[in-house]
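Each remark here refers to the structure printed beneath this line.
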Amino acid sequence: MRSTFWLATLLLAGCAAPGAAVPGPTVVRVVSEIHDAADRLRDSSYRVVFDMTLSDPPARWQGTMRTRGGQDAIWSVDGTASDDGTVLDTVSIVDAGGVRYLNPEIKTFSGYEWAALDGPLRASYYWRHGRPVPLPEADPFVWCDLSDARMAVTAPTADGGLRYRLTGWSPGPVLEGALIRTGLRDPAYTTLNLTLDEDGVPARLDITLPGAVISLVVAGTGIREMIKVPEAGAFQPFAL
């Protein structure tokens, strides 16, 4: 397996030595392949199980994301934020029509269960000590919005898929906006590992960057997801 891995690396890098930086055109091709894989995922409905360890403030964010897929996809998240095994907050989130709706368990909004955010503050939050704390995105489609990488390595998986490992990666505009909104923007990005299944669809993402270790596992595609968007009168516009 180790020799197979490095053979794939040599082929990708144009006979570069193991661990050497991949030439620019090869990185461009890899990034393009990742974009194509993300588009294949977005073409159908899918479900994602996420597990994130955050450092500032320390917390673990775990749960499930569901989306109907397609352009301007509607999605929902049900997750729990905890610290050292103690639950801090449980949050339901829905994103639809350019608005993000939040329903934290420990917070109400002038009697409304849901708050609605749009514009530059359209992000996910849990509540801690009475204050909102931003959360990273749980959608693999967003995390596949890459623009460049210092080094890219690829290798086949045992089940006929493909694994990418990118170091020194840079975000595209959508991902960069998400990182800024959640306070994770930093030039010292470390690694991003993406596994595609045998159909070339993202199956797993593992991201390590300053302030967060993120695992996203696609738990099913083509599932009929029932997502209920809060109706008018059920939420309050919210300003942080």
Side-chain angles (χ1 to χ4, degrees), residues 45-69 72-143 174-175 177-185 204-207 209 211-220 223 225-240:
S45 60
Y46 54 95
R47 187 175 299 176
V48 178
V49 176
F50 60 85
D51 190 345
M52 309 184 190
T53 301
L54 313 175
S55 61
D56 186 20
R60 189 174 185 183
W61 173 237
Q62 298 170 283
T64 302
M65 175 206 168
R66 299 171 175 85
T67 178
R68 297 177 185 172
D72 301 317
I74 296 174
W75 57 258
S76 69
V77 160
D78 292 293
T80 299
S82 61
D83 182 17
D84 197 24
T86 300
V87 174
L88 302 170
D89 197 4
T90 299
V91 189
S92 294
I93 305 166
V94 175
D95 192 278
V99 180
R100 189 158 302 185
Y101 303 91
L102 307 177
N103 181 3
E105 186 176 275
I106 66 171
K107 171 74 175 176
T108 58
F109 307 90
S110 300
Y112 294 91
E113 289 187 350
W114 292 89
L117 296 84
D118 58 11
L121 296 178
R122 181 183 164 199
S124 299
Y125 299 85
Y126 75 96
W127 263 253
R128 185 171 188 157
H129 305 309
R131 299 178 64 87
V133 180
L135 292 162
E137 297 294 327
D139 189 351
F141 181 82
V142 174
W143 286 99
V174 174
L175 178 53
L179 292 171
I180 292 171
R181 287 192 297 272
T182 55
L184 291 176
R185 187 169 183 260
R204 183 184 180 105
L205 264 165
D206 293 285
I207 308 117
L209 67 164
V213 177
I214 297 169
S215 173
L216 309 175
V217 178
V218 178
I223 303 168
E225 299 291 358
M226 304 300 294
I227 301 171
K228 184 177 180 180
V229 180
E231 299 177 351
F235 60 85
Q236 180 187 57
F238 185 67
L240 296 174

query = Taking the six-membered ring for Trp, are Tyr101 and Phe235 parallel (under 30°), tilted (30 to 60°) or perpendicular (over 60°)?
reply = perpendicular

message = Less than 4.0 angstrom from a charged side-chain N to a carboxylate O is my criterion; do Glu137 and Arg100 meet it?
response = yes

message = Strictly below 4.0 Å, N to O, side chains only: are Arg128 and Asp83 in salt-bridge contact?
response = yes

inquiry  = Could you go through Arg60 and Asp84, starting from their C-alpha distance and side-chain angles, then the distance that decides it, and tell me whether this counts as salt bridge (Lys or Arg N to Asp or Glu O under 4.0 Å)?
reply    = CA-CA 8 Å; Arg60 189 174 185 183; Asp84 197 24; over 6 Å; no

inquiry  = Using every non-hydrogen atom in the two residues, find where Leu102 and Ser124 come nearest and quote the distance to one decimal.
reply    = CD2-CA, 4.2 Å

task = Compare every heavy atom of Thr67 with every heavy atom of Ala73, then report the nearest pair and how far apart it is.
result = CB-OG1, 3.5 Å

task = First locate atom CH2 of Trp143, then atom CG of Leu209, and finally report the distance between them rounded to the nearest 0.5 Å.
result = 5.5 Å

query = Can we call the ring centroids of Trp127 and Phe109 under 6.0 Å apart?
reply = yes

query = Is the number of heavy atoms from other residues, nucleotides or ligands within 6.0 Å of CD (Glu113) greater than 12?
reply = no

task = Begin with the C-alpha distance, continue with both residues' side-chain angles, and end with the deciding distance and a verdict on side chain to side chain contact (heavy atoms under 4.5 Å, CB included) for Ile93 and Tyr125.
result = CA-CA 9 Å; Ile93 305 166; Tyr125 299 85; over 6 Å; no

Side chain to side chain, [X] and [Y], heavy atoms closer than 4.5 Å:
X	Y	value
Ile207	Leu205	yes
Val99	Val229	no
Trp114	Gln236	no
Phe50	Val77	yes
Pro136	Ile214	yes
Lys228	Met226	no

ask   = Would you say the side-chain atoms of Asp89 pair up with the backbone N or O of Glu105, donor to acceptor, closer than 3.5 Å?
value = yes

